2 protein chains.
Amino acid sequence: MPTETKIETQYSIGDFAKAVGLTAPTLRYYETEGLIETHRLANGRRYYEEADINWVKFLLHLKGTGMSISELKQYVIWRAAGDDTIPERLDLLKKVKADFLVQFDEVQHHLQILNDKINWYEEKEAGVTKDPESFRAYLDRFGHHE
Amino acid sequence: MPTETKIETQYSIGDFAKAVGLTAPTLRYYETEGLIETHRLANGRRYYEEADINWVKFLLHLKGTGMSISELKQYVIWRAAGDDTIPERLDLLKKVKADFLVQFDEVQHHLQILNDKINWYEEKEAGVTKDPESFRAYLDRFGHHE
DNA sequence: ATATTACTTAAAGTGTACTTTAAGTCAATA
DNA sequence: TATTGACTTAAAGTACACTTTAAGTAATAT
């Protein structure tokens with residue numbers, strides 16, 4: 001069996017930024033915050049590999065669930081400390097999830113009211129009701145409150 | 001039929017703040033931003049009525065869908081200008097809704113990845129897999145990507 | 001009556017997450 | 001070879017949405 005030399009694609013910071021949908025300054029900022037470890041060429045320039053794309057994309061998913069930079073930093077610190085910190089990481093992610101679900105419910109309620117208002121305006125514009133119904137009364141009709 | 005004198009409950013800014021879940025400084029800030037019109041007692045102090053509670057809660061619903069203070073301000077300006085601006089308000093709310101729905105989909109995907117990671121950690125912790133499976137491989141098993 | 005609390009304004013400060021600038025080095029293209 | 005473009009760092013600046021401070025007046029509670 002021949003020995004395969006794996007040739008990893010190397011990305012400059014600009015190309016990597018495009019690949020993950022961020023800007024080069026943001027990547028440098030994340031690096032100073034300890035979220036990303038960067039590799040350096042002999043001339044001092046940063047480079048990134050395929051695996052780094054997965055890592056950054058995963059970080060962005062966590063970020064998208066509401067994790068702050070400092071929470072991500074804590075997560076990264078625990079991750080670097082090895083498998084002993086899996087319970088801590090799990091607790092953190094579960095807390096993030098619980099917070100997320102609360103927000104998620106709230107935001108769905110906000111959407112319901114927004115939808116109701118849009119529908120109310122459309123009915124009003126169409127002149128469906130001659131005697132105009134208040135938005136409150138309109139909400140009441142659907143049992144939508146607060 | 002006797003003439004009914006409607007006695008509107010009057011709230012001080014502190015009580016009103018509690019009623020809507022904000023702080024007094026935030027209410028003053030919203031007032032300077034033109035989101036809230038305040039009534040004043042003879043002594044210069046602000047007071048609020050029941051109807052103001054509905055208005056602030058409605059604003060907070062719109063805010064919760066992602067509208068910025070300046071978008072809310074624009075909405076309020078149009079509202080004050082009367083029914084002629086209903087098309088503008090409708091356009092704004094529809095744009096807000098469209099943006100919201102994009103975000104909503106994204107955020108659900110973020111949740112999926114978060115959930116997958118939590119499950120992956122739990123399986124890892126339980127020692128279900130002897131030969132540890134990478135998170136990428138785990139995601140692949142469920143068809144969860146990016 | 002006095003002390004505490006709530007209100008008033010204007011202005012300055014805070015936190016988060018970047019973004020931009022400045023000054024310089026180095027690599028790639030015409 | 002010249003010049004354009006991409007990179008480097010450190011530090012300052014920005015946007016948003018409040019929050020806090022300061023200095024003062026007025027209402028409420030003991």
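Below, each value reflects all heavy atoms present in this structure, side chains not excepted, and no hydrogens, waters or symmetry copies. Note that the coordinates shown come from a computational prediction; the quantities given were computed from them, not determined experimentally.
Heavy atoms of other residues, nucleotides or ligands lying less than 6.0 angstrom from CD of A:Gln108 number more than 12. Applying the 6.0 Å contact sphere to CD of A:Glu33 captures more than 12 heavy atoms from other residues, nucleotides or ligands.
Contact between the side-chain N/O atoms of B:Thr23 and the OP1/OP2 oxygens of D:dT19 is found at a separation under 4.0 Å. For B:Ser12 and C:dC7, the shortest distance from a side-chain N or O to OP1 or OP2 is below 4.0 Å. One finds no side-chain N or O of B:Arg46 lying less than 4.0 angstrom from the OP1 or OP2 phosphate oxygen of C:dC7.
Separating the NZ atom of B:Lys63 from the C1' atom of D:dC18 is a distance of 9 Å, rounded to the nearest angstrom. The interatomic distance linking A:Arg40 (CZ) with D:dT8 (C1') rounds to 8 Å, in whole Å. Protein atom CG of A:Leu35 is 11 Å distant from nucleotide atom C1' of C:dA17, rounded to whole Å. For B:Leu60 and D:dA17, the CG to P distance is 13 Å, given to the nearest whole Å. Across the protein-nucleic acid pair, A:Asp15 atom CG and D:dA6 atom C1' stand 10 Å apart, rounded to whole Å. Rounding to whole angstrom units, OH of residue B:Tyr48 and P of C:dA6 are separated by 16 Å. Rounded to a whole Å, the CD1 atom of A:Ile13 is 14 Å from the C1' atom of C:dT19. Per the geometry, NZ belonging to A:Lys18 stands 13 Å off P belonging to D:dG5, to the nearest Å.
Side chains of B:Glu71 and B:Gln74 form no contact here, defined as non-hydrogen atoms less than 4.5 Å apart. Contact of the A:Trp55 side chain with the A:Val76 side chain is registered, since non-hydrogen atoms from C-beta on lie closer than 4.5 Å.
Near DNA chain D, meaning a heavy atom under 4.0 Å from it, residues 94-105 of chain A has no residue at all. Residues from residues 24-32 of chain B lying near DNA chain D, meaning a heavy-atom separation below 4.0 Å, are B:Pro25, B:Thr26, B:Tyr29, B:Tyr30 in numerical order.
With respect to the salt-bridge test (charged N to carboxylate O, under 4.0 angstrom), the residues A:Glu31 and A:Arg40 qualify. In this structure, A:Arg136 does not pair ionically with B:Glu50, as no charged nitrogen and carboxylate oxygen lie closer than 4.0 Å. A salt bridge is defined here as a Lys NZ or Arg NE, NH1 or NH2 lying under 4.0 Å from an Asp or Glu carboxylate O, and A:Glu122 with B:Lys94 meets this definition. Salt-bridge annotation for B:Asp91 and B:Lys95: absent, with no side-chain N of the basic residue lying under 4.0 Å from a carboxylate O of the acidic one.
The aromatic rings of A:His61 and B:His109 stand perpendicular to each other, their planes meeting at an angle above 60°, with 30° marking the opposite boundary. By the 30° and 60° cut-offs, the orientation of the rings of A:Phe58 relative to B:Phe135 is perpendicular.
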Next item on the list: Give the B/S/- string for nucleotides 22-30 of chain C, one per nucleotide from 5' to 3', where a protein heavy atom under 4.0 Å of the base yields B, of only the sugar-phosphate yields S, and otherwise -.
Entry: ----BS---
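A distance of 10.0 Å separates CG of B:Asp83 from CD of A:Glu125, quoted to the nearest 0.5 Å.
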